[in-house]
Structure formats: C-alpha cells, structure tokens
Amino acid sequence: MQQKLVNVLQKCQNVRQIKQTHDQIIVHGLKDCNFIVPKLMSLSSDFISPNYAANIFGCVCTPNVVTYNNLIKCFIGKSHTDAIFSYNRMREAQIMPNSFTFTSLFRCLEFLDDGKCVHGQVMKLGFLSSVFVHNTILDFYSKCGGNLGYVWMVFDEMVERDVISYNTMIGACMNHGEVEFAIRLFEGMPERNTVTWNSVIGGLSKTGNVELARTVFNKMPQKNTVSWNSMVSGYIMVGDMRTAQALFDEVPEKSVVSWTAMVTGYATVGDLESARRIFDQMQGKNVVSWNAMIAGYVNGHMFDQALSVFHNMLVDGNCKPNQVTLISALSACSHLGAHDHGKWIDGYIKKNNVDLSVPLGNGMIDMFAKCGDLPSAWEAFHKMPKKCIITWTTMISGLAVNGHCSKALELFYRMCRDGLKPDDVIFIAVLTACVHGGLLEDGNRVFDLMVKHYEIKPRIEHYGCMVDLLGRAGKLEEAVRFTESMHLQPNAVIWATLLAACKIHGNGELLESLTDKILASEPTNPGYLTLITNISSSIGRWQNALNFRLVARQQGAEKVPGCSAIQIGSCVHEFLAKDTKHAQKKEIYQILGNLNGELKSVYDMPVEYTYS
DNA sequence: ATGGATTCGA
C-alpha cells in the first residue's frame, strides 16, 4: 500500500491531485508514515505552500530525521526563521540531525550570525567531514554578505574538495570582484566540468572583462547554452549590441534565456524597437521574457506601451504575472496616473492571493498616491505585513505631493518613534513636505535632526529644500547666506530656486546680485538667461544695466521650449508654453481661466497662462 | 524503504 501511494504521489501534477492523494493517505491511516509524508510534504510545498507542508508535518506523531529534514527543506528561499524554528524543535525532540539536515538548513539561512551559529553546531556534532555540508557552508558564506575571508577559511579547512567546492569558490571570488583569485583557482584545480567553465565565463562577463571571457569561451571544450548565453550577456553588459547580436545569431540552440537577454540588451541601450522586434519573434515566452519587455518600456518612459504589453500577457494567458510583472506595471500606472489600471492590479492581487512583498506594496502605495487616491494608498500602507524605509518614504512623499504636509511630518515622527533609522532619502521627502506646506519651523527642526542627531551629511537636494523653504517664506537674505554656508557648490537647482524666490517676492536687488553670481559660475548655460530675463520683466525690473549684461550673453543662446503631450484616444495633443496653435485653443484657455479663478479663491495662487 | 551542493535572462 505504501509503495502504491508513493507511486501515485510521484505522478501528481497539480494541487487537486495532491490533495486527493493526501486524502487517500489519511484514509489509509498513513498520515504518520515517515516514508510517505516527506514526499507529500515536498510536493505540497512546491505546488501549494510551505505552510501547507508544515501542517502535514504537524499531524505526524513521531517524525524522524528524514521528515524533519524535509520540513526544513520546505523553507528554502521562503523563511529562514521557520527553518531555524524547525531545527530547534528537532533538537528538543532529541532527534539527531544528519548531513542532510545541515545542507537544507544552510540553504534556508540569510544572516551571517545565524550561519555562524549553525556552523558551530556542525563542528560540535562532527559533520565537517561531509563534502556536501562543507559545500553549502561555502555557498552560504559567499552569499550572506560577509567578507570573502570566511569563505577562504572554510575552503582552506576542507580535507576533501570536489569539483563543486572549486566551482562554488570560483563563483564566490567572482561575486566579490576577485577575478585574479578565481582565475588562479580555475587554473590550479584538478578537474573541470561544464559548470566550472561557465562560472568563469559568466564571472568575467559580469565584471566587465568580456574579452577575457571570450578567450576562455573559445578554449572551452563542450559549450552548452549557458556558456553561449553568458557570453552574449557579457557583450550586452558593456553595451556592445552589435557583437551581442552577431554572437546570438551563432547560438546553436537558442533558449528563452538567450532571447530574453537580447530583449533586455536592446531595451537598456534605449533601442526599444529592436527589443520589441526580438520579443515578437520569440517563441515560448515565459514570465521573465514578458517582464523584460514591460520593464524595458517602463525604463524607456514608454508607459502606455508597457501597459499594452502587460495586457497582451494577460490575454495570451500562457504565463501568470508575478511580483516583478506587477511592480513594473504599477510603475507604469504611477507615471501615467492610470488609476483604473492600478485599481485593476490591486484587484488582481487580492483575487489571486498574491502575497504583498515589500517592493510590491511600495509600488501599490506609490501608484495610489500618484493617482491622488490617498485612502487606497493608506490602505495599502497599513496592510503591508512587512515594511522597509522605502515604504515610509513612499507614503510620506505621497502625502506631501497631495498637500497633506503635516500628516507627512506626523508619519515621519511616528516612524522615528518606532525605532526605524531614517536615511538621507527620506529626509528629502520630509523636507519636500515642509516646502509644500510652507512649514519653515518644522523644516529647520528636521534639518537639524538630520545633521545633529542622525549625523547624515546633507546632500545638495537637502540644501535645495532649505533654500526653497527660506525663499518662499520671504527670508531671501537668509536663503542666500544659507547657500554660502553649504559645503557643496550650488548647482542649477539651487540657483533656479533662489531666482524663483526673487520672482515670488519681487526682489529686484537680489536678482541683480544673483545674476552676477550665476553668470560667473555658469556662463554658458542658456537656460538661466531666459529665466532671468523673464523674471526681471515680470517683476518690473527691466533696467538697462541688467538688460545689457543679459543680451550680451544671450546672442546665439536660444532656449529650446519645453513641450508636453497627452494622448486622448488615438490622437496625441502637443502643447508648448504660450502656444496658440491648437484647434480648441479657445476652450482650453477658457478652462485654464476657470482653474485660475478656482485656485485663486482657494489658495490665493494663480496658475500661469497667457492668451494672445 | 527516505532526501543534498555549483553556471545564463526580469
């Protein structure tokens, strides 16, 4: 009976079949069997969830080593805490771990300290003789963010090293940028297999040594698809799409990986047409391929195309969107302000029980905030099971750009009280909130907090916020003094901020002295000339002296006017500042006039437009 | 009776 059920289990292809067999196992009173249960657990973990597998484990009265090992294995790439918990439970149950326990456990671990701890257990219990265990320890130390020293130490201590130990070691050296050491190991090792060669080619490619990778590749005896793909990726990495394409054409057995690499390659050099051409030619697209095309469009700021490909993916139906897909699609929605598409993605996540990972949650918050739907942004924020500093930054920025500036500050202080350490980026968001709300005192306090309490060195963006804050509050001299006290050279943004402050407060004298400073530090930038000219005329300060200085510089320095466009249906409408070319200009300026009136009555701040 | 480690694409 047992053997029969094991055979049935091995044939299971989907959730329904697994659950049916699970029922059979229970009916036959075998839910306690240490022969069947481990197989059921690993299948359930793959097709259903580690949690489901853990529940099956919970029904076993006397689990043995194999069953415990399989429980731990379910948590690989899922939960290091659950894995450690299971290991401790096993020790408490007086079950002696074996080498399989440690290979599984090390693959679950994430943090250096946990690894050291388990490493100690391995030494205490005497499993260092197992090459398997040693190899996973090597791999763990190379991936957990510790330094290469630990990896070398383990490698040197090993009494027996096989080809995988060497391969792991070569990979570790490559990932830490120690190309020389990797090559030395490669040359000194007793035997090499395909993975060895591929690790070297891939490592050299990733570290920008394409030509060296090419010489190794040319010498490699039996190249497989991975070798070819590593080489193609190498040329893509350095932006050499011509060679990448030439090599790609030669690849004997192109895989999805080869095609997808080319899509990414063309997208990253900004050639979205070629990327799309490859993408359309490609057979058997998987989720990574779709993601590459969608992310390519997002990075190229072609957001509507990104959403269109996302839509095609759903219609195509051959692969389900995953976290990465949804994050890219949400980013497109954020940039387009596509609230309806964003809400649809929200619905998709809820309906399909997609777990809200930190980056996905961050994307949801950003999308809702950029679409002006703050209640939904808050909902996403509160529902996230785990948050990171970016989560808080996104929510604070969202509140700030929507005008809820005190709320943004409040949230920031709450985060600090919760004990999370703010970084330089979140301070930009908080200071921006102060600028939007005209909260000068709060801004000063926050800036002080950043510099004195958190000892974060201000970046030019932080200074920019402070200058803006002072300038808008009419403290122009203080703003200028502030720029002089900075430990950084003022950049374009700082100058423009000060000029804007002159405009708001009609300060002509400051405008003159600033003009001298700007012309001295950035004599060739035509943008300022236009800006200064416009401001001086708008505040009625059109003296000859200033005019003369500017005109002298302005010759041949024509500023390219900014242009914006929106798409309605299939027609793209373009607008230039003060242009009067649109067929519906009368209605457009009529609406601008109405908006102006409304803004004036609510905020006492007119929008800028002219109709001639 | 039982299960393990390394290489390419988002």
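Reminder, nothing fancy here: chain letters follow the sequence lines and each chain counts from 1. The analysis underlying the following values was restricted to heavy atoms, covering all of them including side chains, and did not include hydrogens, waters or symmetry mates.
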From CG of A:Leu330 across to C1' of B:dA10 the rounded distance in Å is 16 Å
Of the candidate nucleotides B:dT7, B:dA10, B:dG3, which contains the atom at the shortest distance from the side chain of A:Lys39?
B:dG3
Looking at the base of B:dG4, is there any donor atom on it, or on the side chain of A:Ser99, that sits under 3.5 Å from an acceptor on the other one?
yes
Is A:Phe35 stacked on the base of B:dA1, meaning ring centres closer than 5.5 Å and planes within 30 degrees of each other?
no
Looking only at B:dA10, B:dG3, B:dT6, the nucleotide nearest the A:Ala295 side chain is B:dA10
Counting side-chain heavy atoms from C-beta on, which of B:dT7, B:dG9, B:dA5 comes nearest to A:Val257?
B:dG9
Spacing between A:Gln3 atom CD and B:dT2 atom P, to the nearest angstrom
9 Å
NA contact type, A:Thr196, heavy-atom cut-off 4.0 Å: base, sugar-phosphate, or nothing?
nothing
base_contact_polar (B:dG9 base, A:Asn286 side chain, donor-acceptor, <3.5 Å)
yes
Heavy atoms from C-beta onward define the side chain here; which of B:dG9, B:dT7, B:dG3 lies closest to that of A:Ser199?
B:dT7
Ignoring the backbone of A:Asn198, work out which of B:dT7, B:dA10, B:dC8 is nearest its side chain.
B:dT7
Counting heavy atoms from C-beta on, name the nucleotide in B:dT2, B:dA5, B:dG4 closest to the side chain of A:Asn64.
B:dT2
Residues A:Arg161 and A:Glu191 bridged, charged N to O under 4.0 Å
no
Tell me whether A:Ile390 at atom CD1 has more than 12 heavy atoms from other residues, nucleotides or ligands lying less than 6.0 Å away.
no
Closest nucleotide among B:dG4, B:dG9, B:dG3 to the A:Ser130 side chain:
B:dG4
Closest to the side chain of A:Val133, out of B:dC8, B:dA5, B:dG4, is B:dG4
Does A:Phe132 stack onto the base of B:dA5, taking stacking as ring centres under 5.5 Å apart and planes under 30° apart?
no
Looking at the rings of A:Trp197 and A:Phe186, which for Trp means the six-membered one, are their centres under 6.0 Å apart?
yes
Angle class for the A:Phe106/A:His119 ring planes (parallel below 30°, perpendicular above 60°, tilted otherwise)?
perpendicular
salt_bridge(A:Asp23, A:Lys19) N-O dist < 4.0 Å:
no
Of the nucleotides B:dG9, B:dT6, B:dC8, which has the atom closest to the A:Val256 side chain?
B:dG9
Just to be sure I understand the rule, does A:Thr67 reach a base, reach only the sugar-phosphate, or reach nothing, if contact means heavy atoms closer than 4.0 Å?
nothing
